[in-house]
Amino acid sequence: MPTRPNAKPTRAPLLDVKGLTVGFRSGREETIVVHDLSFQICEGETVALVGESGCGKSVTALTLARLLPEPPAFHPAGVVVFRGREVLQMSRAELRTIRGGQIAYVFQDPATALNPVFRIGFQLEEAICAHRRRVNARKEAVRLLSLVGLSDAEACLRCYPHELSGGMQQRVVIAMALACQPKLLVADEPTTALDVTIQAQILDLLKSLQAELGMAVLMITHNLGLVADVAHRLNVMYAGSLVESGLVEDVLTSPAHPYTRGLLDVVPRLGGTLERMEGIEGVVPSPGNRPAGCPFAPRCKHAGDACRRQMPSPQSTSGVGHQVCCYHPLEHAT
């Protein structure tokens with residue numbers, strides 16, 4: 001059974017997403033990328049959003065603070081309520097108060113997240129000044145770099161991004177995200193560009209910072225193996241839809257959706273057999289070619305006629321709050 005993260009969630013709803021649908025317009029054509037998505041994040045909680053590339057995870061993350069350009073992006077349905085305020089109805093001025101200040105992002109490639117022509121100090125101090133004008137930006141920048149584990153913070157401030165290693169760049173990006181003391185940190189594949197050793201360090205850093213600062217975290221990844229001791233709850237996304245959700249230990253030990261089971265089967269295990277691992281046959285459909293019914297049906301060994309006609313509604317399983325959208329849930333479900 002996976003260990004739980006150190007941070008303890010409260011019951012206060014920080015973010016409440018209900019029926020979110022996101023699409024893009026190109027001329028007269030409209031393509032829906034995220035379909036009727038609903039989930040919550042409580043204060044102090046870590047929630048993981050997992051799925052293959054192309055499942056709509058990053059689009060969902062960017063929509064939380066409306067970072068996608070509008071147009072071409074549009075939201076035909078749903079609400080995103082953050083701290084009691086409806087994000088999709090906010091003005092540009094209102095959005096500027098929550099972007100960075102209350103919802104901050106850590107992106108997967110620090111080399112592209114940092115501006116190559118400015119020193120680290122300038123970029124970090126600029127982020128601080130944008131939302132915390134009464135704070136001494138230089139001193140706060142030094143404190144933040146020390147907080148994320150960079151020993152010589154003063155020297156780091158004078159560096160350009162290319163003068164730092166990948167792990168150091170990612171720590172700087174995390175420091176920039178924390179600069180405005182956000183209530184929600186969105187970590188979108190924060191370890192993808194790093195080697196395995198640095199990945200573990202970054203994940204440990206995020207866990208310790210969350211426990212110390214009490215912020216909520218949305219962890220986005222395609223790797224179920226990373227979320228076992230990081231997240232409290234897990235949402236599994238496929239082709240723009242949420243197919244399974246619940247407590248991490250329930251979903252990982254008793255997956256009810258065939259797609260979740262397939263993701264778990266391709267996670268390498270120490271002490272496993274020498275047999276070749278079987279991946280999930282097929283690929284994620286493009287948003288413009290999403291099949292009718294359950295989008296996973298063309299790749300699913302258990303699919304029947306009902307699966308190909310209509311998207312199944314969420315149903316509860318044996319775990320508390322454990323839900324699955326499947327006509328033929330695996331035997332763990334009740």
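Heads up: numbering here begins at 1 and tracks the sequence.
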Tell me yes or no: between the side chains of [X] and [Y], is some donor less than 3.5 Å from an acceptor?
X: Thr46; Y: Gln210; result: yes
X: Thr21; Y: Asp36; result: no
X: Tyr238; Y: Arg299; result: yes
X: Arg290; Y: Ser241; result: yes
X: Glu244; Y: Thr260; result: yes

What's the spacing between [X] [atom1] and [Y] [atom2] if we round to 0.5 Å?
X: Ser208; Y: Leu206; atom1: OG; atom2: CG; value: 8.0 Å
X: Gln40; Y: Asn235; atom1: CD; atom2: CG; value: 10.5 Å
X: Cys326; Y: Gln315; atom1: SG; atom2: CD; value: 7.5 Å
X: Leu124; Y: Met176; atom1: CG; atom2: CE; value: 6.5 Å
X: Thr97; Y: Leu95; atom1: OG1; atom2: CG; value: 7.5 Å
X: Ser245; Y: Asp250; atom1: OG; atom2: CG; value: 10.5 Å

Which atom pair, heavy atoms only, marks the closest approach of [X] to [Y]?
X: Gln169; Y: Pro161; result: NE2-O, 2.7 Å
X: Glu125; Y: Ala137; result: CG-O, 3.8 Å
X: Arg308; Y: Ala297; result: CG-CB, 4.2 Å
X: Val173; Y: Pro110; result: CG2-CB, 3.8 Å
X: Arg233; Y: Glu45; result: NE-OE2, 2.6 Å
X: Glu52; Y: His222; result: CA-CB, 4.5 Å

With a 4.5 Å limit on heavy-atom distance, are the side chains of [X] and [Y] in contact?
X: Cys307; Y: His328; answer: yes
X: Ile103; Y: Val186; answer: yes
X: Leu157; Y: Leu145; answer: yes
X: Asp188; Y: Val106; answer: no
X: Tyr160; Y: Leu114; answer: no
X: Val17; Y: Leu15; answer: yes
X: Pro116; Y: His162; answer: no
X: Leu150; Y: Met168; answer: yes

Are any side-chain N or O atoms of [X] and backbone N or O atoms of [Y], one a donor and one an acceptor, separated by less than 3.5 Å?
X: Gln181; Y: Gly101; value: no
X: Ser254; Y: Val251; value: no
X: Arg171; Y: Val148; value: yes
X: Glu94; Y: Ser91; value: yes
X: Thr221; Y: Val50; value: no
X: Ser26; Y: Glu29; value: no
X: Glu189; Y: Phe107; value: no
X: Gln323; Y: Gly246; value: no
X: Glu140; Y: Ile128; value: no

*Would you please classify the geometry between the His257 ring and the Tyr259 ring as parallel, tilted or perpendicular, with 30° and 60° separating the classes?*
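Ring orientation, 0 to 90° scale: perpendicular.
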
*Let me see the working for Glu163 and Arg158 under salt bridge (Lys or Arg N to Asp or Glu O under 4.0 Å), right down to the final yes or no.*
CA-CA 10 Å; Glu163 297 178 299; Arg158 296 190 294 270; over 6 Å; no

_Trace of the salt bridge (Lys or Arg N to Asp or Glu O under 4.0 Å) decision for Lys183 with Glu43_ = CA-CA 8 Å; Lys183 297 295 183 181; Glu43 294 182 2; over 6 Å; no

Which atom pairs, one a donor and one an acceptor, fall under 3.5 Å between side chains of residues 62-81 and the rest of the protein, sequence neighbours left out?
| unit_1 | atom_1 | unit_2 | atom_2 | d |
| --- | --- | --- | --- | --- |
| Thr63 | OG1 | Val59 | O | 2.7 |
| Arg66 | NE | Glu70 | OE2 | 3.0 |
| Arg66 | NH1 | Val87 | O | 3.2 |
| Arg66 | NH1 | Leu88 | O | 3.2 |
| Arg66 | NH1 | Met90 | O | 2.9 |
| Arg66 | NH2 | Glu70 | OE1 | 3.1 |

When hydrophobic residues are tied together by side-chain contacts of less than 4.5 Å, even through go-betweens, does [X] share a cluster with [Y]?
X: Leu14; Y: Val47; result: yes
X: Phe122; Y: Ile174; result: no
X: Val283; Y: Met237; result: no
X: Leu213; Y: Leu185; result: yes
X: Leu184; Y: Phe39; result: yes

*Would Leu234 and Leu247 count as a side-chain contact (heavy atoms from CB on, under 4.5 Å) if you check the C-alpha gap in whole Å, the side-chain angles of each, and the deciding distance to 0.1 Å?*
CA-CA 6 Å; Leu234 175 60; Leu247 295 175; over 6 Å; no

*Leu178 and Met215: CA distance, side-chain angles, deciding distance, side-chain contact (heavy atoms from CB on, under 4.5 Å) verdict*: CA-CA 10 Å; Leu178 300 178; Met215 61 186 174; 3.5 Å; yes

*asked:* Lys207 vs Leu209, test: side-chain contact (heavy atoms from CB on, under 4.5 Å). Steps then yes/no.
replied: CA-CA 6 Å; Lys207 285 171 57 180; Leu209 289 173; over 6 Å; no

*Step by step, work out the side-chain contact (heavy atoms from CB on, under 4.5 Å) result for Val33 and Phe24.*
CA-CA 8 Å; Val33 176; Phe24 293 90; 3.5 Å; yes

